[in-house]
Amino acid sequence: MTPPLPEEPPPSYAAAKPFLEHLEDLRWTLVKSIAVFVVASILCFVFRREILNFLTVPLFREVPRDSGFLSALGVADSFMVSIKVAAFAGLVVSLPFILCFFGQFLLPALTSSEKRIIFPVFFSGVCLFIAGVLSCYLFILPVTLKFFLSDSAYMGIHPQWT
């Protein structure tokens, strides 16, 4: 009894790309990924105030917005918060594109049966990522903030977060 033949024969060495061409493809994948991240971060920096207002909604459900609860102690603290907000929001926005670029880089190395499952896996991964971000924002963050605020009150400490 002979073993079954694979779906596709392995690529011949004559048809395979040289190592340096693979490195060049990887370099362009990294360049595109970094470019998308930078563009997304710049766009998020333009809307940093709106993004920060959105991110602080769970906090200000617990404490009044005009209470002076959030403070900037250093000269550049507010600008550093802007940079961090833009970078993290840029990462969230650009991550599906970055994953797509790396998928395009890896796609030629896959067999046809592996290629068939790439889109469902990628789509479900993006959906799970978005579901994770939303569940953290909507469920975990409010509970965590309540805990830290109540713990501060229990300890007799007035929280003033920076």
Side-chain angles (χ1 to χ4, degrees), residues 11 15-149 159-162:
K17 282 184 177 181
F19 179 71
L20 291 178
E21 283 187 38
H22 284 294
L23 281 180
E24 183 68 16
D25 289 347
L26 179 61
R27 182 177 76 88
W28 278 110
T29 300
L30 291 172
V31 166
K32 291 188 294 188
S33 299
I34 291 169
V36 165
F37 171 70
V38 168
V39 168
S41 295
I42 289 170
L43 287 174
C44 290
F45 186 80
V46 171
F47 297 104
R48 66 189 184 272
R49 184 173 180 178
E50 292 81 4
I51 294 170
L52 186 62
N53 286 338
F54 174 75
L55 292 175
T56 56
V57 166
L59 174 65
F60 291 127
R61 284 187 189 138
E62 301 300 320
V63 296
R65 188 172 282 276
D66 59 350
S67 66
F69 190 80
L70 291 178
S71 301
L73 301 178
V75 173
D77 284 353
S78 62
F79 184 72
M80 292 308 297
V81 166
S82 296
I83 296 289
K84 289 177 185 178
V85 165
F88 283 120
L91 180 64
V92 169
V93 169
S94 66
L95 194 60
F97 298 100
I98 292 171
L99 291 175
C100 184
F101 294 148
F102 277 97
Q104 289 173 345
F105 173 72
L106 295 173
L107 201 60
L110 302 177
T111 63
S112 62
S113 62
E114 294 168 335
K115 288 178 183 177
R116 271 181 275 175
I117 64 169
I118 282 292
F119 181 74
V121 167
F122 176 75
F123 182 73
S124 63
V126 169
C127 290
L128 288 172
F129 175 74
I130 292 170
V133 169
L134 288 175
S135 66
C136 180
Y137 179 78
L138 296 173
F139 304 115
I140 296 171
L141 187 60
V143 171
T144 305
L145 290 172
K146 281 182 186 179
F147 168 77
F148 285 125
L149 289 169
Q160 189 172 1
W161 296 344
T162 61

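Numbers here simply count residues along the sequence, with the first being 1.
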Trainee: From Ile51 CD1 over to Leu43 CG, what is the distance, rounded to the nearest 0.5 angstrom?
Mentor: 9.5 Å

Trainee: If a pair satisfies salt bridge (charged side-chain N to carboxylate O under 4.0 Å, His left out) and one of its residues is in residues 32-58, list it, with sequence neighbours excluded.
Mentor: none

Trainee: Other residues, nucleotides and ligands only: do more than 12 of their heavy atoms fall within 6.0 Å of CZ on Phe47?
Mentor: no

Trainee: Before we go on, tell me: are the rings of Phe97 and Phe37 under 6.0 Å apart, centre to centre?
Mentor: no

Trainee: Run the numbers on Val143 and Phe147 for side chain to side chain contact (heavy atoms under 4.5 Å, CB included), then give the verdict.
Mentor: CA-CA 6 Å; Val143 171; Phe147 168 77; 5.7 Å; no

Trainee: Let me confirm one number: the CG-OG distance from Leu52 to Ser78, rounded to the nearest 0.5 Å.
Mentor: 10.5 Å

Trainee: Heavy atoms, side chains only, cut-off 4.5 Å: are Phe79 and Ile83 in contact?
Mentor: yes

Trainee: Could you tell me which non-hydrogen atom of Leu107 sits nearest to which non-hydrogen atom of Lys115, and how far apart they are?
Mentor: O-CE, 3.2 Å

Trainee: To the nearest 0.5 angstrom, please state how far the CD1 atom of Ile34 sits from the OG atom of Ser94.
Mentor: 11.0 Å

Trainee: Measure the CG-OG distance between Asp77 and Ser82 for me, rounded to the nearest 0.5 Å.
Mentor: 11.0 Å

Trainee: Heavy-atom count around Phe122 CZ within 6.0 Å, excluding the residue itself: above 12?
Mentor: yes

Trainee: Can you give me the closest heavy-atom contact between Gln104 and Pro108, atom names plus distance?
Mentor: O-CD, 3.3 Å

Trainee: Going by heavy atoms in the side chains, are Phe129 and Val92 under 4.5 Å from each other?
Mentor: yes

Trainee: Considering all heavy atoms of both residues, which atom of Thr29 and which atom of Phe101 are nearest to each other, and what is their separation?
Mentor: CG2-O, 3.7 Å

Trainee: Where is the tightest heavy-atom contact between Cys44 and Gly90, given as atom of each residue plus distance?
Mentor: SG-N, 3.7 Å

Trainee: How many angstroms lie between atom CG of Leu30 and atom CG of Asp25, to the nearest 0.5 angstrom?
Mentor: 11.0 Å

Trainee: List the atom of Trp161, the atom of Leu59, and the distance in Å for their closest heavy-atom pair.
Mentor: CZ3-CD1, 3.4 Å

Trainee: Is the shortest heavy-atom distance from the side chain of Val75 to the side chain of Met80 under 4.5 Å?
Mentor: no

Trainee: For Pro142 and Cys136, work out which heavy atoms get closest and say how close.
Mentor: CD-O, 4.3 Å

Trainee: Give a yes or no on this: more than 12 heavy atoms of other residues, nucleotides or ligands lie within 6.0 Å of atom OH of Tyr137.
Mentor: yes

Trainee: Within this structure, what is the CG-CG distance for the pair Leu99 and Leu106, rounded to the nearest 0.5 Å?
Mentor: 10.5 Å

Trainee: Is Ile118 close to Phe123 at the side-chain level, that is, under 4.5 Å between some pair of heavy atoms?
Mentor: no

